[in-house]
Number of protein chains: 2
Amino acid sequence: MIIRIDPASATPIFEQLVRAVRGEILAGRLAAGERLPAARELADSLEVNGHTVLHAYQTLRDEGLVELRRGRGAVVTSAATELAELRRHAVDLVVAARERGITPDAVLALVREELSR
Amino acid sequence: MIIRIDPASATPIFEQLVRAVRGEILAGRLAAGERLPAARELADSLEVNGHTVLHAYQTLRDEGLVELRRGRGAVVTSAATELAELRRHAVDLVVAARERGITPDAVLALVREELSR
DNA sequence: ACCTATTTGTCCGTATGTATG
DNA sequence: CCATACATACGGACAAATAGG
C-alpha cells in the first residue's frame, strides 16, 4: 500500500491517512481480511508519530472499515468490502444516468423510491 | 459538576469521564446549551492529563451529546437533552410495567408494536 | 479594525499496560 | 514464555477558531 503524506497541507495528517486508506478500501485494492501495516511501522516509514497513525486507524475503526486488535493489527472488515462493492454499483448508476442526461435529482428520487419499497 | 475518578480502576480514565458526563446529561442535570468545564481546566482539577479529558469530550462529541468548538468549549446539544427527556419516558414505562408485574418481553413487544405503527 | 485571552485541535515524544499469536 | 501491536496515559508545544474588549 502506497501512501503519501503532505506535512504542509492544511488537512491534518491523520485525516490524510484516513482518506488514503479509505480510498484503498473503497477502490477494492484492500479486501476483507487483509491487514494494514502496523501503526508504528507505517509511522516510521512516513516519518510521522505513531499516535497520528493510530488516531487514523481508530477513526477507520469508528467508521466500521477496519477491526483493531492488540497483537494482531488492523484488519479490513467484510462490511468494508461490501461497501466497496456497493460503491461500484453506485458508480454504474451515476455513469448510466449521465450518459442519458438524467438530472441528479431524478436519480436520487429513483433511488429513494427503490429504497422505500 | 462533580466528577470523581478512580485511577486504579480497570475502566480507563477517559471512559470514566465519558460515563460521568453522559450520566449528568441523561439525568437532566446538564441541559442543552450548558457548557462543560474547559478540558484542561477539568484535567487540572482531577489531576489527569489534558489529553485524557479531551479524549473523553471527543467521544461524547462522536455520540452527539456535545458540540466542541475552539475558543468556546464543550456545549451540550439539544439532541442530548431530548434524549434525556426520552429516557424519562422509558423509565416511567419500566416502572409502570414492574408495578403491574408485566414481563420484560411483553414490554418490549408493546414498544415494538407502537414503533411499527 | 485590532488585540488578547480562552479553548479545542493536532502533533510530537515517551512510557507502560495488555490481548494476540 | 516471548514477540507483536494496539490501548491508554503522561508531558510539552504550537496552531487555529472563538469571544470580548
Side-chain angles (χ1 to χ4, degrees), chain A residues 1 3-22 25 30 32-77 80, chain B residues 1 3-22 25 30 32-77 80:
Chain A
M1 195 179 42
I3 292 179
R4 268 209 302 262
I5 293 301
D6 176 11
S9 166
T11 67
I13 295 175
F14 86 91
E15 200 177 320
Q16 292 183 47
L17 287 168
V18 169
R19 287 183 193 173
V21 175
R22 194 198 287 124
I25 293 174
L30 272 174
E34 284 195 67
R35 235 197 71 190
L36 301 179
R40 298 248 156 68
E41 192 186 315
L42 181 58
D44 286 347
S45 78
L46 295 177
E47 296 181 323
V48 299
N49 193 273
H51 286 313
T52 306
V53 176
L54 217 45
H55 187 184
Y57 279 13
Q58 286 166 349
T59 301
L60 290 164
R61 176 197 57 193
D62 292 346
E63 292 179 3
L65 297 182
V66 302
E67 248 189 51
L68 300 183
R69 303 276 280 269
R70 287 169 177 156
R72 243 198 3 179
V75 179
V76 178
T77 64
Chain B
M1 194 177 43
I3 292 179
R4 268 209 302 261
I5 292 301
D6 176 10
S9 166
T11 67
I13 294 174
F14 86 92
E15 200 177 320
Q16 292 183 47
L17 287 168
V18 169
R19 288 184 193 172
V21 176
R22 194 199 286 124
I25 293 175
L30 273 173
E34 283 194 67
R35 234 195 76 191
L36 271 50
R40 284 178 179 114
E41 190 188 316
L42 180 58
D44 286 346
S45 78
L46 295 177
E47 295 182 324
V48 300
N49 194 274
H51 288 311
T52 305
V53 176
L54 219 43
H55 187 184
Y57 279 14
Q58 286 166 350
T59 302
L60 290 164
R61 176 196 58 194
D62 292 346
E63 292 179 3
L65 297 182
V66 302
E67 248 190 51
L68 299 183
R69 304 276 280 269
R70 286 171 179 158
R72 249 201 353 180
V75 179
V76 177
T77 64

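Basis for what follows: all heavy atoms, side chains included, without hydrogens, waters or symmetry-related copies. Labels below follow one simple rule: chain letters A, B, ... track the order of the sequence lines, proteins then strands, and each chain is numbered from 1.
For the pair B:R70 CZ and C:dT7 C1', the interatomic distance rounds to 10 Å; values are reported in whole Å. Summarising the geometry, the separation between CD on A:E67 and C1' on D:dA5 is reported as 15 Å, rounded to the nearest angstrom. Atom pair B:L54:CG and D:dA13:P shows a separation of 18 Å (rounding to whole Å applied). For the pair B:L42 CG and D:dA9 P, the interatomic distance rounds to 14 Å; values are reported in whole Å. A straight line from NE2 of A:H55 to C1' of D:dA9 spans 16 Å, rounded to a whole angstrom. Look at CD on A:E47: it is 10 Å from P on C:dG13, rounded to the nearest Å. The nearest whole Å value for the distance from the CZ atom in A:F14 to the C1' atom in C:dC11 is 11 Å. Rounded to a whole Å, the CD1 atom of B:I5 is 13 Å from the C1' atom of D:dA9.
Remark: the A:H51 side chain and the D:dC6 base include no donor-acceptor N/O pair separated by less than 3.5 Å.
Nearest-nucleotide positions on DNA chain D for A:A38 and B:V48 put A:A38 closer to the 5' end. Comparing B:L68 and A:G50 by the nucleotide of DNA chain C whose heavy atom lies nearest to each, the residue mapping closer to the 5' end is B:L68.
Residues B:I5 and B:L17 approach most closely at CD1-CD2, 3.7 Å, considering heavy atoms. Scanning all heavy atoms of the two residues, the minimum distance from B:L54 to B:A39 falls at CD1-CB, 3.5 Å. Contact detail for B:Q16 and B:T11: the closest heavy-atom pair is NE2-O, 2.9 Å. Contact record, B:V18 with B:E63: CG1-OE2, 4.2 Å, taken as the closest heavy-atom pair. Between A:G50 and A:R40, the shortest heavy-atom distance links the atoms CA-NE, 4.4 Å.
Distances were taken from every side-chain heavy atom of B:R72 (C-beta onward) to each of C:dT14, D:dT18, C:dT10; the shortest belongs to D:dT18.
For C:dC12, one of the phosphate oxygens OP1 or OP2 lies less than 4.0 angstrom from a side-chain nitrogen or oxygen of A:T52. The phosphate of C:dG9 has OP1 or OP2 within less than 4.0 Å of a side-chain N or O from B:R61. At the phosphate of D:dC6, neither OP1 nor OP2 sits under 4.0 Å from any side-chain N or O atom of A:Q58. OP1 or OP2 of D:dT18 sits under 4.0 Å from a side-chain N or O of B:R69. Of the side-chain N and O atoms in A:N49, one or more sit less than 4.0 angstrom from OP1 or OP2 of C:dG13.
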